[in-house]
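Every chain is numbered from 1 and lettered A, B, ... according to where its sequence line falls, protein lines coming before strand lines.
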Amino acid sequence: MPDLLRTDSLVEPPLPPDFYDRDVVQVARELLGKRLYRHSRDGVVAGRIVETEAYLATGDSACHAARGRTRKNVSMFGPPGRAYVYSIHARWCLNAVTQPRGVPSAVLIRAVQPLLGIGRMQRRRKSQRTVDLARGPSRLCEAFQIDRRLDGWDLSRGQRLWLTHDPDDPLPDHCIGNSPRIGVTSALDLCLRFYLRDNHYVSGPKRLRI
DNA sequence: CTACCGATTGACT
DNA sequence: GTCAATCGGTAGA
């Protein structure tokens with residue numbers, strides 16, 4: 001299995017900027033099942049994306065750009081296909097920036113299923129349970145060694161941090177669940193969280209995983 | 001400079 | 001389920 005994965009990953013090119021230069025909700029749905037790769041000093045880790053959330057340019061009070069541009073959220077304004085990494089509660093979270101330049105929108109990557117470099121993730125996370133290594137946006141960043149230094153990074157370069165298609169992709173609609181976003185205190189009426197149904201690696205309470 | 005706040009997590013009931 | 005530790009970013013004095 002690791003050999004198969006290794007072969008696939010080397011042939012598969014990174015998702016191009018065009019993939020991200022579309023409606024943020026569409027991108028959030030399509031990122032499910034894609035692979036996330038991180039190549040850092042001590043090697044490569046990878047996982048399959050199982051949970052995302054969309055943050056909208058307009059009508060979304062929970063979006064970090066809702067009150068305009070600041071030093072922290074500049075990456076959200078584009079260009080598409082860059083990383084937006086921000087800190088919350090003394091931890092980091094990873095987003096993929098979407099839509100044309102100047103439109104502040106992004107997809108939060110909330111959880112991945114670890115595929116490659118599990119031992120490395122266990123050491124970084126100080127946890128043995130594979131299911132807990134990258135279930136939750138900041139756990140994911142700890143396992144993948146992602147912090148502010150990757151804010152603004154070009155995800156289409158295929159270096160340090162990138163995404164690819166997965167052999168299973170695209171996924172049928174009936175596999176995809178939808179709910180309000182987790183942890184936000186406003187815009188609770190918006191159902192902008194997407195996840196793979198019945199997947200162990202999805203975060204949140206059980207009722208938000210089926 | 002101080003005073004909050006939060007797209008979280010882990011420990012605990 | 002509840003709760004508090006955590007610290008970077010922001011706003012304001």
> Within this structure, what is the CZ-to-P distance between A/Arg71 and C/dG8, rounded to whole angstrom?
Replying inline: 14 Å
> Within the pair A/Arg181 and B/dG6, is there a side-chain N or O less than 4.0 Å away from OP1 or OP2?
Replying inline: no
> In Watson-Crick or G-U wobble terms, both distances under 3.5 Å, what is the partner of C/dT6?
Replying inline: none
> Starting at the 5' end of DNA chain C and moving along, which residue's nearest nucleotide shows up first, A/Arg148 or A/Pro205?
Replying inline: A/Pro205
> So, do A/His89 and C/dA5 meet the stacking rule of ring centres under 5.5 Å and planes under 30°?
Replying inline: no
>> Could you check whether A/Lys72 pairs with A/Asp151 (Lys NZ or Arg NE/NH1/NH2 to Asp/Glu carboxylate O, under 4.0 Å)?
In response: no
> Under the 5.5 Å and 30° test, is A/Tyr55 stacked on the base of B/dA7?
Replying inline: yes
>> Nearest to the A/Ser138 side chain among B/dT9, B/dA7, B/dG10, which nucleotide is it?
In response: B/dT9
>> To the closest 0.5 Å, what do you measure between CZ (A/Arg38) and SG (A/Cys141)?
In response: 10.0 Å
> Can you check the A/Leu140 CG to B/dA7 P distance for me, whole Å?
Replying inline: 18 Å
> Rounded to whole angstroms, how far apart are CG on A/Asp60 and P on B/dA7?
Replying inline: 11 Å
> Does a side-chain N-to-carboxylate-O contact under 4.0 Å join A/Arg181 and A/Asp60?
Replying inline: yes
> Where the side chain of A/Lys72 is defined as all heavy atoms beyond and including C-beta, which of C/dT10, B/dA7, B/dT9 is the nearest nucleotide?
Replying inline: C/dT10
>> Closest approach to the side chain of A/Thr70, judged atom by atom: which nucleotide of B/dA7, B/dG10, C/dT10 is it?
In response: C/dT10
> If you pin A/Asp132 and A/Ser186 to their nearest nucleotides in DNA chain B, which one's is more 5'?
Replying inline: A/Ser186
> What class does the angle between the rings of A/Tyr86 and A/His64 fall in, given that below 30° is parallel, 30 to 60° is tilted and above 60° is perpendicular?
Replying inline: perpendicular
> What's the closest nucleotide to the A/Ala90 side chain, out of B/dG10, C/dT6, B/dA7?
Replying inline: C/dT6
> Roughly how far apart are A/Leu155 CG and A/Leu163 CG, rounded to 0.5 Å?
Replying inline: 6.0 Å
> Taking OP1 and OP2 of C/dG8, is either one under 4.0 Å from a side-chain nitrogen or oxygen of A/Arg91?
Replying inline: no
>> Distance check needed: B/dA7 C1' versus A/Asp151 CG, whole Å only.
In response: 15 Å
> In whole angstroms, how far is the P atom of C/dG9 from the CZ atom of A/Arg69?
Replying inline: 17 Å
>> Using a strict threshold of under 4.0 Å (side-chain N to carboxylate O), is an ion pair present between A/Asp169 and A/Lys34?
In response: yes
> Which nucleotide, B/dA7, C/dT6, C/dG9, lies nearest any side-chain atom of A/Ser87?
Replying inline: C/dG9
> Mapping A/Leu108 and A/Glu142 onto DNA chain B by nearest heavy atom, which one lands closer to the 5' end?
Replying inline: A/Leu108
>> Please tell me if A/Arg110 has a side-chain N or O lying less than 4.0 Å from either OP1 or OP2 of B/dT8.
In response: yes
> Nearest-Å distance, NE2 (A/His64) to C1' (B/dG6)?
Replying inline: 8 Å
>> From CD1 of A/Ile109 over to P of B/dT8, roughly how many Å is that when rounded to an integer?
In response: 15 Å
>> What is the separation between atom CD1 on A/Ile88 and atom C1' on C/dA5, rounded to the nearest whole Å?
In response: 14 Å
> With a 4.0 Å cut-off on heavy atoms, is A/Arg125 in touch with a base, just the backbone sugar-phosphate, or nothing at all?
Replying inline: sugar-phosphate
